[in-house]
Amino acid sequence: MSELTLFLIRIAYLAILWIFVLSAISVVRSDMFGARAPSAPAPEKRPRSQKASKPGKPGKPAKPPKQRRGSPTQLAVTEGSNSGIVVPLAEAPILIGRGTDAAIRLDDDYVSTRHARVAQSGDQWFVEDLGSTNGTYIGSVRITQPTTITLGTQVRIGKTILELKK
Amino acid sequence: MAESSSLLGFVHRRRRGAELFLLVLALAVGLGGYVAVGIGVEGTVPADYVGYGLWLAGLMVAAHVAVRLVAPYADPVLLPVVAALNGLGLAVIQRLDFDLDTALARRQLGWMTIGVVLFVVTLVAIRDHRVLSRFTYTSGLAAIVLLITPQLPIIGNEVNGARIWVQVGPINFQPGEIAKVLLVITFAGYLQLHRDALALAGRRVLFVDLPRGRDLGPILGMWAVSLGILVVQRDLGSSLLFFGLFLVMLYVSTERPGWLVVGGGLFVVGAFLGYQAFGHVQTRFNTWLHPFDYYDGDLGANSYQLVEGMFGMAWGGLIGRGFGQGDPTRIPEVESDFIMAAIGEELGLTAVLAVLVLYGLIVERALRAALISRDDFGKLMAVGLGTIFALQVFVVIGGVTRLIPLTGLTTSFLSYGGSSLVMSWVIVALLLRISDQARRPLPDLAQVEEPDADEESTQVIKL
């Protein structure tokens, strides 16, 4: 191997290294500024919202994608004065509160009329606080945004604890 | 509540295509290095470069497909950067193999395969990183047990004077590498619950708000035990890592700069006491300040390794000698602690800076995941895991380039060593999981809800 070839190989390898570094940085850059406005995903969500907005249509059983084994099927109240209430998740979104329209009615002084909601997105379950007075907690953390919950995650509302069950 | 998602400003894209593109470039870095080593050392393209390239590509594709399937919104830069660093490390170790007459690169490739398998397993098994917060105390206990195991009579194993290894059958590994990830989980889980109490309750002593003992006690105890074990084991690098990790996570969770002052003071005191008490700490300081005076000293008390590394990097200069044209094996332990010196010698400052930028990117992406993460546990964990990389790179490369006294730690992904490589891949999997959760757009739950006429009047608008 001539000296020149080795030199060229060395330079070429350093060039590859830096091309990689600069491409990675440019991806970081576009990741920062190239984010999509939230209005864009609306069209793809459209079919689902149409289906949901049709009143009384039995479109709901078809809506959940295939049920994976081990995925939750029930929402249960495990602690508090209403302990024992179990609601099947097929009725999602499930409204929790003291009001009469709530799917899970809690006789708990610390619960708001429309307190929180449990709903599905993809194969994940979310709990969302509906602007309640005393807040919805996962563990000891008060949630401010829709938060994923899994089997056994304890959601605390007032003095009541709810869990997803199989 | 649809307003809450639009207030966030934007939705992250998945960017899996960008990740694949970067992975192809990372493969070029790894395979190009392997071919360049073959040409530089033996004068011919290595015969098995197709098989080697296919193996590397297979590992990258496996990792990429796993990310695509189970963490579609994960950070697009992290995996390629890690793959490129690992590929570069493999090439450099392969080059050292020719002179050392060993087969370390083959074994390192095996470790990388195990690392990628564990990477996939971690991503698949841990669908939500918050599950880990249930194991706060369990993982703390496990970390301490793991740190003690090298001291046990049968399985404990001493290599090069450091009793930090465990041998189970044919597998020899460093439990400390696993312990540092477990400690991050412990710190994050504990601080998530107690950060408010730590930050607000307590009294003020000399500009510093000291928290109450019952808030700080458990975590301080756990940390002191693990640090004590490391000091007894004389593992300076790991002690420094754990100390810095604890300090950074405490600072981030409480938002009190006072912790840095207290921690810095404690570090100075500890370093001074260590200097007085331990002979090997004095040696490290002396060889750092006056390396050329100790070039020919007694074994273990000389600066031969450090000085040879500096010779190598000086000889390499700006663009290096080229693969095979340098003499990096003059440096003892060049394949593990001093791999940066070998890169500096044969690829020059240009490559060393590229590697440093890549490490910077890893840390940046970890902190970015922490910033956009929606839960405290994820934030703290991402900060902790990023800090592990940052501290390790600073301690090792700072030591090799004589910025700070030399302490032994591995350069993640680059240097030879199974436990470190495998656990680094697991850390990256955890970071990807956190960033996947953080970047995933919030579900539009409002659309599913039936519109309620009464709701309009009682709606709470949050700004």
Side-chain angles (χ1 to χ4, degrees), chain A residues 1 5-7 9-14 16-21 23-25 27-28 30-32 34-42 45 48-49 52-53 55 92-93 95 101 113-114 117 119-122 124 126 128-132 138-141 143-150 153, chain B residues 1 4-6 8-13 15 18 21-22 25-26 28-29 32-33 36 39-40 43 76-77 80-81 84 88 127-128 131 133 192-193 319-320 322-323 325 347-348 350-351 354 357-358 361 364-365 374-376 437 441-445 447-452 455 459-460 462:
Chain A
M1 277 292 157
T5 325
L6 287 176
F7 179 75
I9 287 173
R10 194 198 321 168
I11 297 297
Y13 189 64
L14 289 177
I16 291 176
L17 212 52
W18 274 99
I19 287 171
F20 174 77
V21 171
S23 323
I25 290 172
V27 170
V28 171
S30 67
D31 195 58
M32 237 174 231
R36 188 175 58 181
S39 56
K45 290 264 172 70
R48 184 197 282 180
S49 67
S53 63
L95 183 66
D101 59 337
T113 314
R114 291 167 59 84
R117 186 172 47 181
Q120 189 178 29
S121 170
Q124 284 189 311
F126 287 82
E128 182 189 19
D129 191 90
L130 298 173
S132 66
I138 289 181
S140 66
V141 183
I143 62 171
T144 52
Q145 291 170 313
T147 308
T148 47
I149 48 175
T150 49
T153 310
Chain B
M1 277 288 146
S4 66
S5 66
S6 62
L8 278 176
F10 58 77
V11 178
H12 285 281
R13 287 181 291 166
R15 308 302 314 270
F21 167 71
L22 284 180
L25 284 178
V29 169
I39 296 174
V77 185
V81 167
L88 176 66
R127 292 298 180 94
D128 185 349
V131 172
S133 67
Q192 173 206 14
L193 291 186
I319 57 168
F323 275 128
Q325 311 303 304
L347 294 171
T350 319
V357 173
L358 289 180
L361 276 179
E364 190 265 340
R365 292 328 279 176
R374 291 173 192 138
D375 60 305
D376 291 349
Q437 292 277 345
L442 282 176
D444 220 350
L445 296 184
Q447 292 202 352
V448 187
E449 185 188 31
E450 260 102 313
D452 194 340
E455 197 190 14
Q459 200 171 29
V460 178
K462 280 201 173 167

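This is a predicted model, so every value here is computed, not measured. In what follows, chains are A, B, ... by sequence order, proteins preceding strands, each numbered from 1. Computed from heavy atoms alone, side chains included, the values below leave out hydrogens, waters and symmetry copies.
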Heavy-atom distances under 4.5 Å only: say whether Ile16(A) touches chain B with side chain, backbone, both or neither.
both
Quick one: do Asp101(A) and Arg114(A) make a salt bridge, cutoff under 4.0 Å?
yes
Top residue by heavy-atom pair count (under 4.5 Å) with chain A, among Gln325(B), Arg365(B), Gln437(B)?
Arg365(B)
Quick check on Pro80(B) against chain A: is it the side chain, the backbone, both or neither that has a heavy atom closer than 4.5 Å?
both
Answer with side chain, backbone, both or neither: which region of Leu22(B) has an atom nearer than 4.5 Å to a non-hydrogen atom of chain A?
both
Whether Trp18(A) side chain and Thr350(B) backbone form a donor-acceptor pair below 3.5 Å:
yes
So, the part of Phe20(A) with a heavy atom under 4.5 Å from chain B: the answer is both
Under 4.5 Å, counting heavy-atom pairs only, tell me which of Ala28(B), Gly33(B), Ala18(B) racks up the most with chain A.
Gly33(B)
Rounded to the nearest 0.5 Å, the CG atom of Leu347(B) sits from the CG atom of Leu14(A) at a distance of 5.5 Å
Option that, when pairs with chain A are counted at under 4.5 Å, heavy atom only, ranks first among Ala36(B), Gly348(B), Ala351(B):
Ala351(B)
Interchain contact, Leu358(B) with chain A, by part (heavy-atom threshold 4.5 Å):
side chain
Can you find a heavy atom in the side chain of Val77(B) that is under 4.5 Å from one in the side chain of Asp31(A)?
no
Donor-acceptor pair, side chain of Gln192(B) and main chain of Ser133(B), under 3.5 angstrom
no
Interface moiety of Ile143(A) toward chain B, non-hydrogen atoms closer than 4.5 Å
neither
Does any heavy atom of chain B fall under 4.5 Å from the side chain of Thr150(A), the backbone, both, or neither of them?
side chain
So what's closer than 4.5 Å to chain A heavy atoms on Val357(B): side chain, backbone, both or neither?
side chain
